[in-house]
2 protein chains.
Amino acid sequence: MSTEEKIKKSAFKLFLEKGFDRTSIRDIAEKAKINIALLNYYFRSKQNLFDSIFSGLLDKYTPELCSLLNKDLSLEDKIRQYISKYMDILMENSELVFFILSVLHRDHQKISDMSMFKSLIDYNSFIEQMEKEIKKGNIKPCDPHQFYLNMMSLIAFPFTIKNVISDKFEMTDEEFRNYMLERKNIIGDMLISYIKN
Amino acid sequence: MSTEEKIKKSAFKLFLEKGFDRTSIRDIAEKAKINIALLNYYFRSKQNLFDSIFSGLLDKYTPELCSLLNKDLSLEDKIRQYISKYMDILMENSELVFFILSVLHRDHQKISDMSMFKSLIDYNSFIEQMEKEIKKGNIKPCDPHQFYLNMMSLIAFPFTIKNVISDKFEMTDEEFRNYMLERKNIIGDMLISYIKN
DNA sequence: GTCTATAACGGGATAGAC
DNA sequence: GTCTATCCCGTTATAGAC
């Protein structure tokens with residue numbers, strides 16, 4: 001692993017765990033087993049390092065999520081596959097949701113301007129597909145935007161309170177993962193039952 | 001308004017807006033139009049001031065939410081009223097969800113030990129009511145804990161991405177409020193449709 | 001590329017006068 | 001209770017040797 005990659009990986013872990021502000025470049029340097037000067041040699045500043053990591057994240061996950069929304073699938077299949085794919089990503093790293101919320105909270109304008117982020121929150125083809133199904137009478141009339149928001153809420157929110165859930169039910173990380181896994185079907189059923197009635 | 005209240009109010013606004021770490025005691029002092037020494041005279045430390053504000057929040061909202069869960073209401077009425085009450089609180093201050101998530105992320109152990117917080121996440125009577133209805137065959141068999149988690153997700157998550165939503169649909173604060181208001185029925189319908197089929 | 005040393009700054013907290 | 005002045009610390013960033 002290159003020094004640059006080593007720094008990024010260490011920094012990412014710390015940012016996830018403690019957030020941007022509570023992570024010092026000293027922490028990062030220590031974890032990556034390099035010194036502060038070297039960190040600044042590669043990334044010029046802590047903010048720059050962070051931005052680089054965040055862009056990398058968007059690039060890694062956005063394309064597959066977007067392409068799924070544009071696939072030629074039945075609405076129900078698309079919903080279930082989207083849930084599954086999204087949750088797989090989040091289960092890989094359960095701190096991700098809060099991490100992204102934090103970035104949005106601090107740097108909303110900057111993030112909004114990133115093209116990858118624009119892609120991530122562009123679900124027009126999904127909206128159109130729902131509108132078609134509503135017109136055809138296959139599903140109940142409803143607001144597709146609110147429906148999509150509901151889907152995202154059901155997918156993402158539980159990860160933001162992982163600590164509370166794990167604590168309340170005395171779960172290990174593995175048990176939490178399984179609990180989230182169970183949700184794939186539950187969420188799908190709930191969303192489908194809403195539009196089918 | 002007493003000096004102490006003035007400090008708390010100013011600090012709360014800043015903590016909501018910028019978070020604990022990015023809010024300096026100098027910011028707070030400036031906003032409250034006092035000086036740093038006075039702030040430390042009243043609260044000893046920034047952390048102490050924060051804790052005092054957070055406790056106050058829990059004390060303010062927890063009781064009415066808890067008592068609603070223990071009321072003698074039909075399951076459907078309870079769900080709809082709980083959604084409505086919770087969302088009223090969050091609409092009053094849309095930054096509250098992220099604020100609490102941040103605290104949970106940073107200080108989970110300390111928060112878990114607070115008795116008011118324990119009350120807030122204690123929904124046993126709701127679980128029992130659902131189990132009874134399932135046994136009676138009035139609603140579909142399902143996991144009541146996951147159901148409650150779904151309800152909370154649908155209620156809370158949209159507030160954490162208020163910026164993204166307002167931006168995408170070019171909403172004013174008032175329009176966002178109305179958008180959330182619409183959700184009361186949508187969320188209720190979705191949850192009810194799930195357990196009625 | 002990698003290191004040591006240090007500059008420059010901003011933060012929280014306190015001493016002590018009034 | 002309220003103020004001014006200041007201390008002390010941790011942080012980022014950079015200069016310069018190797």
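Note on naming: letters A, B, ... go to the chains in the order of the sequence lines (proteins, then strands), and numbering restarts at 1 for each one.
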Any chance the rings of A:Phe15 and A:Phe50 have centres within less than 6.0 Å?
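So the answer is yes for these two rings.
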
Would you mind reading off the distance between [X] atom [atom1] and [N] atom [atom2], rounded to a whole angstrom?
{"X": "A:Phe50", "N": "D:dT12", "atom1": "CZ", "atom2": "P", "answer": "14 Å"}
{"X": "A:Asn40", "N": "D:dA15", "atom1": "CG", "atom2": "C1'", "answer": "12 Å"}
{"X": "A:Asn48", "N": "D:dT14", "atom1": "CG", "atom2": "P", "answer": "11 Å"}
{"X": "A:Ile28", "N": "D:dT11", "atom1": "CD1", "atom2": "P", "answer": "11 Å"}
{"X": "B:Arg22", "N": "D:dT12", "atom1": "CZ", "atom2": "P", "answer": "12 Å"}
{"X": "A:Asn35", "N": "D:dA15", "atom1": "CG", "atom2": "C1'", "answer": "14 Å"}
{"X": "B:Asp21", "N": "D:dT11", "atom1": "CG", "atom2": "P", "answer": "12 Å"}
{"X": "B:Ile25", "N": "D:dC9", "atom1": "CD1", "atom2": "C1'", "answer": "13 Å"}

Upstream residue (5' side of DNA chain D) when A:Asp27 and A:Tyr41 are each assigned their closest nucleotide:
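The 5'-side residue here is A:Asp27.
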
Going by the angle between their ring planes, with limits at 30° and 60°, are A:Phe169 and A:Tyr179 parallel, tilted or perpendicular?
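Tilted: the ring planes of A:Phe169 and A:Tyr179 meet at 30° to 60°.
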
With under 30° as parallel and over 60° as perpendicular, where do the rings of A:Phe54 and A:Phe99 fit, or are they tilted in between?
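Ring orientation of A:Phe54 relative to A:Phe99: tilted.
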
B:Ser2 near the nucleic acid: base, sugar-phosphate alone, or nothing, with a heavy-atom cut-off under 4.0 Å?
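If one applies the 4.0 Å heavy-atom cut-off, B:Ser2 turns out to touch nothing in the nucleic acid.
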
Which is true for A:Phe43 with a 4.0 Å heavy-atom rule: it touches a base, it touches only sugar-phosphate, or it touches nothing?
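Nothing: the residue A:Phe43, judged by heavy atoms under 4.0 Å, touches no strand.
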
If you draw a 6.0 Å radius around CD in B:Glu30, do more than 12 non-hydrogen atoms from other residues or ligands fall strictly inside?
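Counting other residues, nucleotides and ligands, CD of B:Glu30 stays at 12 neighbours or fewer.
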
On a heavy-atom basis, which atom in B:Cys66 and which in B:Ser119 lie closest, and how many Å separate them?
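Looks like SG-O, 3.2 Å.
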
What are the two closest heavy atoms between B:Phe43 and B:Glu4, and how far apart are they?
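Minimum heavy-atom contact is CZ-CG, 3.6 Å.
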
Given B:Met87, B:Lys162, B:Glu175, the one that forms side-chain contact (heavy atoms from CB on, under 4.5 Å) with B:Met180:
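Passing option: B:Met87.
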
Interface limits on DNA chain C, where chain B has a heavy atom under 4.0 Å of a nucleotide atom
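Using the under 4.0 Å cut-off, the span is C:dG11 to C:dA15.
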
Both A:Arg26 and A:Ile34 contact DNA chain C. Which one's nearest nucleotide lies toward the 5' end?
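Residue closer to the 5' terminus by nearest nucleotide: A:Ile34.
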
